Amino acid sequence: MRDRLWSFLLSFSVVGLLLGTLFFAVSLTPSLLPRTYVTQGILSGVAMACGYGLGVALAALWRWFELPVTQGPVRLWLRVVAGAFCAIVVLVFLWRAAEWQNSIRTLMHLPPIETAHPFYVGAIALGIFLLLFAVGKLFALVVRLIASTSRVAAPRRLSYVIGTALAATLFWTMADGLLLRFVLHTADSSFRRLDQVIEPDTEEPSDPLKSGSAASLVRWDELGRMGRAFVSSGPTAQDIASFTGKPAVEPLRVYAGLNAAETPEARAKIALDELIRVGGFERSTLLVVMPTGTGWIDPEALDTVEYLHHGDIASVAIQYSYLASWLSLIAEPDYGAEAARALFRAVYNHWTTLPKDSRPKLYLYGLSLGALSSEQSAELFEVIGDPYQGALWAGPPFPSRIWRKMTADRNPGTPAWLPRFRDGSYVRFTSQKNVLPEAGDHWGPMRIVYLQYASDPVTFYDPYSLYRQPAWMAVPRGPDVSPDFQWYPVVTFLQLTLDMAMATTAPMGLGHVYAGEHYIDPWIAVTDVQDWSDADIARLKEKFRAGR
């Protein structure tokens, strides 16, 4: 057993261990969001495996070119020195892990941690590394088997190229066709059942102006879990009037769930008919909403705009998925855009038939995947002759086409996390602190505002961080991004990937969790609210801040 253990330890690549240890160490440094010892251990284990794999590849390339390598006692001593160096690096960086995590927690107003549980982090990381190491060994075995078979008809080096290509294809097919399909199928079944659950504290509405009521064109069970929560929540006319001291009306909320019809066009038609039935086009403001992947609509966004308009507003939305946004983006990347176009086209086509002096002002809203889908509702040339009034898109995901274009073409000297675009008459960006007035008072016929936090990994995830520093990491950085966050090849990419998966675990008003108080100024700018004093706006912000 001792000989086998010694043989196993000597089988590790020195270059691989050195790079793996370096990747492990820098993975402990902060990124956008704080991490628990479990997520830190998983991240560090994956980072170490990636570094080790890169080191093995570099060593193989060295041998491929038949360059000299160490042998005998020198090689053994190099392994001992490398092992001691790796152990020291691991201990030093684990000791500093709590300090780095607290640099984020302080910015996010979270209590500091006394320890980052270095033993647990190390144990979890080691387990993940050994698991991936075993997968790597299996891959190498398959490469050798294929290479030995193909060597009958091909030179030795070419046979290894063939073996590597075929093994990579085989492993990718297994991961994509079996593992990913299993995960998506399991998630699909779970979210489908969850979507059908009717919460015991959510009763079918008796108000005929509510979707899901006896008078509605959409049955209660057709709304879906998130749709039922949407239409049964929100401020009443009495709530709004009590707060503002002014007359208010009951806000209208229309929703069509996935079970309402088979196709997005059919659901959009039902939603339009329902909107007409309840008198949505008779309100002064009409909001076309795209929900997130599960069908959820952020109450912090809708409640605030309903207060600002004294309830004289109607909102309409349709569901396009019941998967979480990131799963929906993988499994159904076009469903959101298809649903957004169907709903916007149905509402817009009816809206343009109404007299301009009596129809409501038309706006778009979306959060996260809803923002991405809402962006794709219509091209500018389709509405330029009779434009809608504007849009508020919060936490736009990094693939958002318009957002990416405006950010890339931002005015020189403005940061990527809070850019300015030309004269600000068409699109503006804001964050926790309202900077919309800084772009000037002039707005064009359409007002587009992006609400985004610098610490939001859904917005600022960058696939190219694998090999280059993202633009938003340049100085000056966002106020909610740790100054200790540094870019490292490969590792930063892994950190941001984990951050994106954990985006909604941040405190309210940070990460991908958008606060009602931060929606208020964008809504005022987009929908041109004029009848609120500064004191009343501050009071409304405090209401939503205190209601957390």
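All of these numbers come straight from a predicted model, not from anything done at the bench. Residue numbers count from 1 along this sequence.
- Paired with Ser315 under the rule side chain to side chain contact (heavy atoms under 4.5 Å, CB included), one option of Val305, Val231, Val289, Ile297 passes, and it is Val289.
- Here the OG1-CD distance, from Thr29 to Gln486, works out to 8.0 Å after rounding to the nearest 0.5 Å.
- The only member of Val46, Leu94, Leu126 that meets side chain to side chain contact (heavy atoms under 4.5 Å, CB included) when paired with Phe24 is Leu94.
- No side-chain heavy atom of Pro419 sits under 4.5 Å from any side-chain heavy atom of Phe421.
- Between Ser103 and Ser482, the side chains place a donor N or O and an acceptor N or O closer than 3.5 Å (distance only, hydrogens not considered).
- Atom CG of Leu22 sits about 11.0 Å away from atom CE of Met48, to the nearest 0.5 Å.
- Atom OH of Tyr120 has 12 or fewer neighbouring heavy atoms from other residues, nucleotides or ligands inside a 6.0 Å radius.
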| Verdict with reasoning, Arg477 to Trp472, per side-chain contact (heavy atoms from CB on, under 4.5 Å) | CA-CA 7 Å; Arg477 290 184 177 179; Trp472 50 265; over 6 Å; no
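- Below 30°, between 30° and 60°, or above 60°: for Tyr461 and Phe493 the angle between ring planes is between 30° and 60°, a tilted geometry.
- Remark: His512 NE2 to Leu33 CG distance equals 11.0 Å, nearest 0.5 Å.
- Side-chain N or O atoms of Arg35 include none that pairs as donor or acceptor with a backbone N or O of Thr39 at under 3.5 Å.
- Using cut-offs of 30° and 60° on the angle between ring planes, the pair Tyr307 and Phe544 is perpendicular.
- Annotation: side chain of Leu451 is not in contact with side chain of Ser431 (no heavy-atom distance under 4.5 Å).
- Interatomic distance, Glu375 CD to Arg401 CZ, rounded to the nearest 0.5 Å: 7.0 Å.
- Ring orientation note: the planes of Trp523 and Tyr365 are tilted relative to one another, at an angle of 30° to 60°.
- Judged purely by distance below 3.5 Å, without hydrogens or angles, the side chains of Asp456 and Thr459 pair a donor atom with an acceptor atom.
- Looking at every heavy atom in both residues, Ile318 comes nearest to Ala339 through CD1-O, 3.6 Å.
- Under the 4.5 Å side-chain criterion, counting only non-hydrogen atoms from C-beta, Val481 is not in contact with Leu107.
- The minimum heavy-atom distance linking Ala454 with Gly478 is given by the pair CB-CA, 3.6 Å.
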| request: In sequence, state the C-alpha distance, the side-chain angles, and the governing distance for Asp298 and Tyr519, and then conclude on side-chain contact (heavy atoms from CB on, under 4.5 Å). | output: CA-CA 11 Å; Asp298 190 356; Tyr519 274 111; 3.2 Å; yes
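- The aromatic rings of Phe133 and Tyr52 sit perpendicular to each other, their planes meeting at more than 60°, with 30° as the lower class boundary.
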| side-chain contact (heavy atoms from CB on, under 4.5 Å) between Phe460 and Met473, intermediate numbers included | CA-CA 10 Å; Phe460 294 108; Met473 288 187 68; over 6 Å; no
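- Looking at Gln432, its side chain does come within 3.5 Å of a backbone N or O of Gly509 through a donor-acceptor pair.
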| query | salt bridge (charged side-chain N to carboxylate O under 4.0 Å, His left out) between Asp484 and Arg105: does it pass, once the steps are laid out? | reply | CA-CA 12 Å; Asp484 293 331; Arg105 297 179 67 86; over 6 Å; no
| task | Evaluate the criterion ring-ring contact (aromatic ring centres under 6.0 Å, His included) for residue pair Trp100 and Phe93; output intermediate values, then yes/no. | result | CA-CA 10 Å; Trp100 284 320; Phe93 276 73; 5.6 Å; yes
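- Test Phe429, Tyr450, Tyr514 against Trp393 for ring-ring contact (aromatic ring centres under 6.0 Å, His included) and you get one pass: Tyr450.
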| said: salt bridge (charged side-chain N to carboxylate O under 4.0 Å, His left out), that's the test. Do Arg96 and Glu99 meet it? Break it down for me. | reply: CA-CA 5 Å; Arg96 293 201 59 191; Glu99 174 189 343; 3.0 Å; yes
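- There is a side-chain donor-acceptor pair under 3.5 Å between Tyr453 and His518.
- Proximity of a side-chain donor or acceptor of Ser400 to a complementary backbone N or O of Pro397 within less than 3.5 Å is detected.
- For Asp521 and Arg428, the salt-bridge test fails: no basic side-chain N is under 4.0 Å from an acidic carboxylate O.
- Between the side chain of Thr505 and the main chain of Met502, a donor-acceptor pair closer than 3.5 Å is present.
- The distance from atom OG1 of Thr304 to atom NZ of Lys543, rounded to the nearest 0.5 Å, is 11.5 Å.
- Geometrically, Arg468 engages Tyr464 in a cation-pi contact, judged by NZ or CZ lying under 6.0 Å from the ring centre and within 45° of the ring axis.
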| message | Pair Leu369, Val458 - check side-chain contact (heavy atoms from CB on, under 4.5 Å), show working. | response | CA-CA 9 Å; Leu369 189 57; Val458 173; over 6 Å; no
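- Side chain to side chain, Ser368 and Thr292 fail the donor-acceptor criterion of an N or O pair below 3.5 Å.
- Under a 3.5 Å cut-off, the side chain of Gln452 and the backbone N or O of Trp417 do form a donor-acceptor pair.
- Counting heavy atoms from C-beta outward, Pro34 and Met108 have side chains that approach closer than 4.5 Å.
- Side-chain atoms of Ser455 come within 3.5 Å of backbone atoms of Gly511 as a donor-acceptor pair (strictly under, hydrogens ignored).
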| task | Any chance you could lay out the ring-ring contact (aromatic ring centres under 6.0 Å, His included) test for Tyr320 and Tyr335, step after step, and finish with the verdict? | result | CA-CA 6 Å; Tyr320 55 89; Tyr335 281 18; 8.3 Å; no
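- Atom OG in Ser233 sits 8.0 Å away from atom CG in Leu302 (nearest 0.5 Å).
- Checked by atom type and distance alone, the side chain of Gln376 pairs as donor or acceptor with a backbone atom of Leu372 at under 3.5 Å.
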